[in-house]
Amino acid sequence: MNRLWFARAVALFSVAGLVCSCSTAPSEDLHKETRVLLGTFVEVTVKAEKDKAKQAVRAVLDEMKRVEDLTSFHKPSELTRINALAGSGAVHADPELVALVNESLKFAERTDGAFDPTLGPLAKLWNFSGGGESRLPDDSEIQTALAKTGWRRVKTDTSAGTITLSEKGMSLDLGGIAKVYSLDRARMVLKKLGVRSALVNAGGDVAVVGEKSPGKPWRVGVQDPRNPRGLVAVAAITDGFIVTSGDYERFFLRDGKRYHHILNPETGYPATGLRSATIIAPTGVMADAISTAVFVLGVKRGLEYLKRTPGVEGFLIDDAGKMFFSPGAKDYLEVTSK
Ligand code: AMP
Ligand code: MG
């Protein structure tokens, strides 16, 4: 894990964790456990009788690890196996991965390709999330990598259980949805075990089960993109997801310019215009895909997208620090700055 990024992850994690703890009176039946998973800190908080809570926390962490083994881009996974077979026709894959890739392609279509799960060649080049240092590639390298991207060149066949990457050198990077897909799965596990109140925080992206206590939602802090210890808002969430894409999560500075991990699929360079996009949605995959896409779309097109997407709210912070809200976002938010 990149050390700079690791330090930021700690800060982000503490901010979100701080808010969640502050809003709770200490309670015998609130159980927490933390683990590094999916390239970030995952903290599971379950409110239940002790043994049941412990069992639930373990089951959640195991399930999230299983998703990591399915989707990781850098560590050996079912995804890396499929990527290695790019250009060899239809490849049989785990049905769960076929379904997730299929879902990612739907979001690519709905967002006019702002969300693009085929940016693997660019991800390798920039190396924001692998081990070692990130680097600023030459333009010619970016153009070569860009030529190996394009979500329309991926096909899934759910009944045959296959994924086709049309050309050698192409690769899927599901980093824009995998982490919060694992939160979808975590929430499913908690509900199956009969847990009625829980919160899972994966590096600031949060899934919530039920209310914190009767009549009281969970309260989740949203980090200030330019102050790792500050909050711009606190959201009240019951049974749902709050997910942020930001230019402060994985980045480096070169000659005063910030280069970060959310890429514009048209140019191959980091998307410009926003510092962060925070999305509140009923499912994790939806929240995560949309947060990445809206970040790429920018203020105007991003807000238009949110306006025409039912059940999803969000707020954006532009590169001057100005906040913009979707029509229903303020129902969930207490803005703490500006
Ligand atoms: P998020 O923090 O959810 O916005 O996800 C960012 C991650 O998604 C990056 O680290 C990449 O792995 C991947 N990614 C970057 N740009 C895009 C994009 N335009 N569409 C889909 N995934 C992307
Ligand atoms: Mg995302």
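Whatever order the structure lists ligands and atoms in, that order sets their numbers, starting from 1.
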Would you indicate whether [X], at its atom [atom1], is surrounded by more than 12 heavy atoms from other residues, nucleotides or ligands within a distance under 6.0 Å?
X    : atom1 : value
R66  : CZ    : yes
R152 : CZ    : no
E109 : CD    : no
K307 : NZ    : no

(message) Below 2.8 Å, can you find an N, O or S atom of D205 next to the Mg ion (ligand 2)?
(response) no

(message) Any N/O/S atom from S245 (main chain or side chain) under 2.8 Å of the Mg ion (ligand 2)?
(response) no

Under 4.0 Å, heavy atoms only, figure out whether ligand 1 is touched by the backbone of [X], its side chain, both or neither.
X    : result
A271 : neither
V296 : side chain
E249 : side chain

(message) Go through it in stages, so that I can follow the logic: the residues are K300 and E304, the test is salt bridge (charged side-chain N to carboxylate O under 4.0 Å, His left out), and I'd like the CA-CA distance, side-chain angles, deciding distance and then a yes or no.
(response) CA-CA 6 Å; K300 186 169 176 290; E304 280 165 12; 3.3 Å; yes

Could you tell me if any non-hydrogen atom of [X] lies under 4.0 Å from any atom of ligand 1?
X    : result
F295 : no
A123 : no
A277 : no

(message) Can you name the atoms of ligand 1, numbered from 1 with element, that are less than 4.0 Å from a heavy atom of I262?
(response) 4 (O), 15 (C), 16 (N)

(message) Using a 4.0 Å cut-off to any heavy atom of P265, which atoms of ligand 1 qualify?
(response) 19 (N)

Quick one: look up the protein heavy atom nearest [atom] and list residue, atom name and how far away it is.
atom                    : value
atom 18 (C) of ligand 1 : L119 CD1, 3.6 Å
atom 16 (N) of ligand 1 : L263 N, 3.0 Å
atom 14 (N) of ligand 1 : H261 O, 4.3 Å
atom 3 (O) of ligand 1  : D288 OD1, 2.9 Å
atom 12 (O) of ligand 1 : D173 OD2, 2.6 Å
atom 23 (C) of ligand 1 : T292 CG2, 3.9 Å
atom 20 (N) of ligand 1 : D116 N, 2.9 Å

(message) Given the Mg ion (ligand 2) as the apex, I'd like the angle to OG1 of T292 and O of G176, rounded to 10 degrees.
(response) 100°

Based purely on interatomic distance, does [X] place a nitrogen or oxygen under 3.5 Å from a nitrogen or oxygen of ligand 1?
X    : result
A114 : yes
S129 : no
G176 : yes
S245 : yes

(message) Please evaluate residues E78 and R81 with respect to the criterion salt bridge (charged side-chain N to carboxylate O under 4.0 Å, His left out), reporting the C-alpha separation (whole Å), side-chain torsions for both, the decisive distance (0.1 Å), and the verdict.
(response) CA-CA 5 Å; E78 177 67 348; R81 187 181 73 79; 2.9 Å; yes

Quick one about [Y] and [X] (side-chain donor to acceptor, distance below 3.5 Å, no hydrogens or angles considered), yes or no?
X    : Y    : result
S171 : D173 : no
E211 : T238 : no
S129 : H74  : yes

(request) Please assess Y181 against D288 for the test side chain to side chain contact (heavy atoms under 4.5 Å, CB included), listing each intermediate value before the final yes or no. (result) CA-CA 8 Å; Y181 170 67; D288 206 6; over 6 Å; no

(request) Report yes if some heavy atom in the side chain of L303 is under 4.5 Å from a heavy atom in the side chain of L316; otherwise report no. (result) yes

(request) Over 60° means perpendicular and under 30° means parallel, so classify the ring planes of F115 and F107, tilted if in between. (result) perpendicular

(message) Please confirm whether the ring centroid of Y259 lies under 6.0 Å from the ring centroid of Y269.
(response) no

